[in-house]
Q: 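Below is one structure. I have some questions about it.
Note that this is a predicted model, so its numbers are computed, not measured.
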Amino acid sequence: MSQIAEEKLRKYMEEQKLDGFFISRPVNVKYISSYTGEDSYLLITQKAKYFITDPRYTEQVSIECPDYTIVDWRAEIGSVPGTAAFLANQDHLKNLAFEADHLTVDIYQHIQEKTKAELVPETNVVEEFRMHKNPQELEYLRASCEIAARAYEQIQKDIRPGVTEKELAANLSRYMVLNGSDTMPYGNILISGARTSLLHGIPSAKAVEYGDFVLMDYGCQYHGYLSDMTRTLVVGKATPEQKHVYELEQQMVADTEAFLKAGVSSRDAYYVSRKAIEGTKYLDYHYPSMGHGIGMFVHEMPFMSPKSEYILAENTVMTVEPGIYIPGWGGVRIEDTTLITKDGCENLTNATKELIEL
C-alpha cells in the first residue's frame, strides 16, 4: 500500500515540479509509509525518502519502514524543523512543499530561516489520494465495520435502567477489542435521554432511565482503518412521537442510500437526505451535514452538505448519517458506512436499523 501511495505522491511532485515534500500530518505519514507509531515526519524527494523521528521510535521505524533513511532529529540537529531544513539543503532542493493546513507557524518559520529552498504551501494532496480505496483498504474497512456491528449486538444485553453512560461506553470499547479491533479505540459517543440531542455528546455519569433513547455513535480501528456507525434504541416501550421521529430518520437514511452511486453530487445527496422531513416541524432540527468519507481518519474527504462540491467516485467509502435533534427532548441518528459503487452503494454496516425496544 505504501509503495502505491509513494508513487502517487512522486507523480504529483513531478507534475507540479516539486523537489521535495515535507509530510507532517500523522495520518498522512501513516498512509505514505505504513508506520503505526508516533513522532513521525517524512521528507520525500524524487530520489530519496527520509523518516524523521526520535530515539524512542527508531527501532519501530526500522522494522515497519525498512526502505526509509531514518533521521534521529534529536541526535542530528536537535529539532524537527531544523532537521527538515538540513536535509533540504543537503540534497540541494530548490523548493520544498509542506502541508499548509497542518504545519504550525513556528515550524514553518524555523524551516524558512534555515533552508535555501523555497517553501511551497500545499493542501489536501495526500487526502485526495486517500479518498479512493484500494482492495486491501476495503478489506480492512469491511472487517472494522463487522467488528462494530457485532459489538452492537453484544452491548444490548447491558443496557438497562440504572447503568451509566460511561459504563456502557467502556463495555462497547471492550467488546470491539475482544472481537478483534486494534487496541487503540477512538472516542465513542454513548448518550441517553434528552442528552441524545447533543450531536457529539460525551458519555457521562448519567444513569439510563426507562423510556430513554440511547444513542451510540462509535467505531473501531482494524489495521488502522476505521468504522463509524450509529444506532438509536429505546429502553422500554417507545412513545408514539419516538416511533414517528425514528421512522422519519429511517426514511432519510433509506432515501440517501438509494440515491448514492458513482457520479452523483455530494450536494444533491444532502438534499435527498432531507426530503422526508421537508414540510414537517422537524426540518429545523436536522444538522446540515449528513455524511463524510472515512478511512484512516474518521472524518475524511469527501463530505455531503449543502455547500459541498464533490462528485462521488467508485471505491469511495462514505458514512450516511442524517439526524433529528430536538433540544430538551432527544435525538435520533442512524449511521451506516457505505461503499460507493458504479451502480449504487453497498452498506458495510451489517446491523439492523429497526427500532429496538429493550
Q: Under the 6.0 Å and 45° cation-pi test, does Lys30 pair with Tyr35?
A: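 Ring-cation test returns no.
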
Q: For Thr232, run the side-chain contact (heavy atoms from CB on, under 4.5 Å) check against Val332, Val214, Val245, Ile191 and tell me which one passes.
A: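 It is Val332, the one option of Val332, Val214, Val245, Ile191 that forms the side-chain contact (heavy atoms from CB on, under 4.5 Å) with Thr232.
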
Q: Just distance, no hydrogens or angles: give the donor-acceptor pairs under 3.5 Å from side chains in residues 113-124, sequence neighbours left out.
A:
residue: Thr115; atom: OG1; partner: Asn89; partner atom: OD1; Å: 3.1
residue: Thr115; atom: OG1; partner: Ala117; partner atom: N; Å: 3.1
residue: Glu122; atom: OE1; partner: Tyr12; partner atom: OH; Å: 2.7

Q: Tell me whether Ile202 at atom CD1 has more than 12 heavy atoms from other residues, nucleotides or ligands lying less than 6.0 Å away.
A: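 Open: at most 12 neighbouring heavy atoms sit under 6.0 Å from CD1 of Ile202.
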
Q: Write down the atom of Arg231, the atom of Thr349, and the distance for their closest heavy-atom approach.
A: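 Residues Arg231 and Thr349, closest heavy atoms: NH2-CG2, 3.6 Å.
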
Q: Taking everything shown except Lys307 itself, do over 12 heavy atoms lie less than 6.0 Å from its NZ?
A: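 Result for NZ/Lys307: open.
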
Q: Answer whether the closest heavy-atom distance between the side chains of Glu257 and Glu346 falls below 4.5 Å.
A: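 No, every pair of side-chain atoms sits at 4.5 Å or beyond.
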
Q: Angle between ring planes, Tyr140 versus His223, binned at 30° and 60°: parallel, tilted or perpendicular?
A: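 The rings of Tyr140 and His223 lie parallel, inter-plane angle below 30°.
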
Q: Where the side chain of Asp91 meets the backbone of Leu93, is there a donor-acceptor pair that is under 3.5 Å apart?
A: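 It does not hold such a pair.
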
Q: With distance as the sole criterion, is a donor-acceptor pair present between the side chains of Glu247 and Gln251 under 3.5 Å?
A: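 Their side chains do not contain a donor-acceptor pair, so the 3.5 Å distance test is not met.
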
Q: May I ask you to check whether over 12 heavy atoms, not counting those of Glu7, lie within 6.0 Å of atom CD?
A: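 More than 12 within 6.0 Å, yes.
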
Q: Test Phe213 against every option in Tyr246, Tyr325, Trp329 by the ring-ring contact (aromatic ring centres under 6.0 Å, His included) rule and name the one that passes.
A: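 It is Trp329, the one option of Tyr246, Tyr325, Trp329 that forms the ring-ring contact (aromatic ring centres under 6.0 Å, His included) with Phe213.
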
Q: Determine whether the side chains of Glu321 and Thr230 contain a donor N or O and an acceptor N or O closer than 3.5 Å.
A: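 No - no donor-acceptor pair under 3.5 Å links their side chains.
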
Q: Is it the case that one hydrophobic cluster holds both Ile32 and Val61, taking links as side-chain heavy atoms less than 4.5 Å apart, direct or via other members?
A: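 Yes.
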
Q: With rounding to the nearest 0.5 Å, note down the distance linking CG in Asp101 to OG in Ser24.
A: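 Nearest 0.5 Å value for the CG-OG distance: 8.5 Å.
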
Q: For Lys261, I'd like to know if atom NZ has over 12 heavy atoms of other residues, nucleotides or ligands within 6.0 Å.
A: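 No - once you tally the heavy atoms of other residues, nucleotides and ligands closer than 6.0 Å, there are 12 at most.
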
Q: Side chains of Glu99 and Asn28 only: does a donor on one sit below 3.5 Å from an acceptor on the other?
A: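 Yes, a side-chain donor-acceptor pair sits under 3.5 Å.
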
Q: Are Ile334 and Met229 grouped together when hydrophobic residues (ILVMFWY) are joined by side-chain heavy atoms under 4.5 angstrom apart?
A: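 Different hydrophobic clusters.
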
Q: Do other residues, nucleotides or ligands put more than 12 heavy atoms under 6.0 Å from the CD atom of Gln46?
A: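 More than 12 within 6.0 Å, yes.
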
Q: Decide whether Ser305 and Ser289 meet the rule of one side-chain donor and one side-chain acceptor closer than 3.5 Å.
A: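 Side-chain D/A pair, Ser305 to Ser289: absent.
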
Q: Phe98 and Tyr108: aromatic ring centres closer than 6.0 Å?
A: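 Yes, the ring centres sit under 6.0 Å apart.
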
Q: Look at the side-chain heavy atoms of Ile, Leu, Val, Met, Phe, Trp and Tyr, link any pair under 4.5 Å apart, and say whether Tyr152 and Leu215 land in one connected group.
A: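 Shared cluster, no.
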
Q: Give a yes or no on whether Glu357 atom CD has more than 12 heavy-atom contacts from other residues, nucleotides or ligands under 6.0 Å away.
A: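 Yes.
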
Q: With a 4.0 Å cut-off on N to O distance, would you call Lys206 and Asp212 a salt bridge?
A: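 Yes, charged N to carboxylate O under 4.0 Å.
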
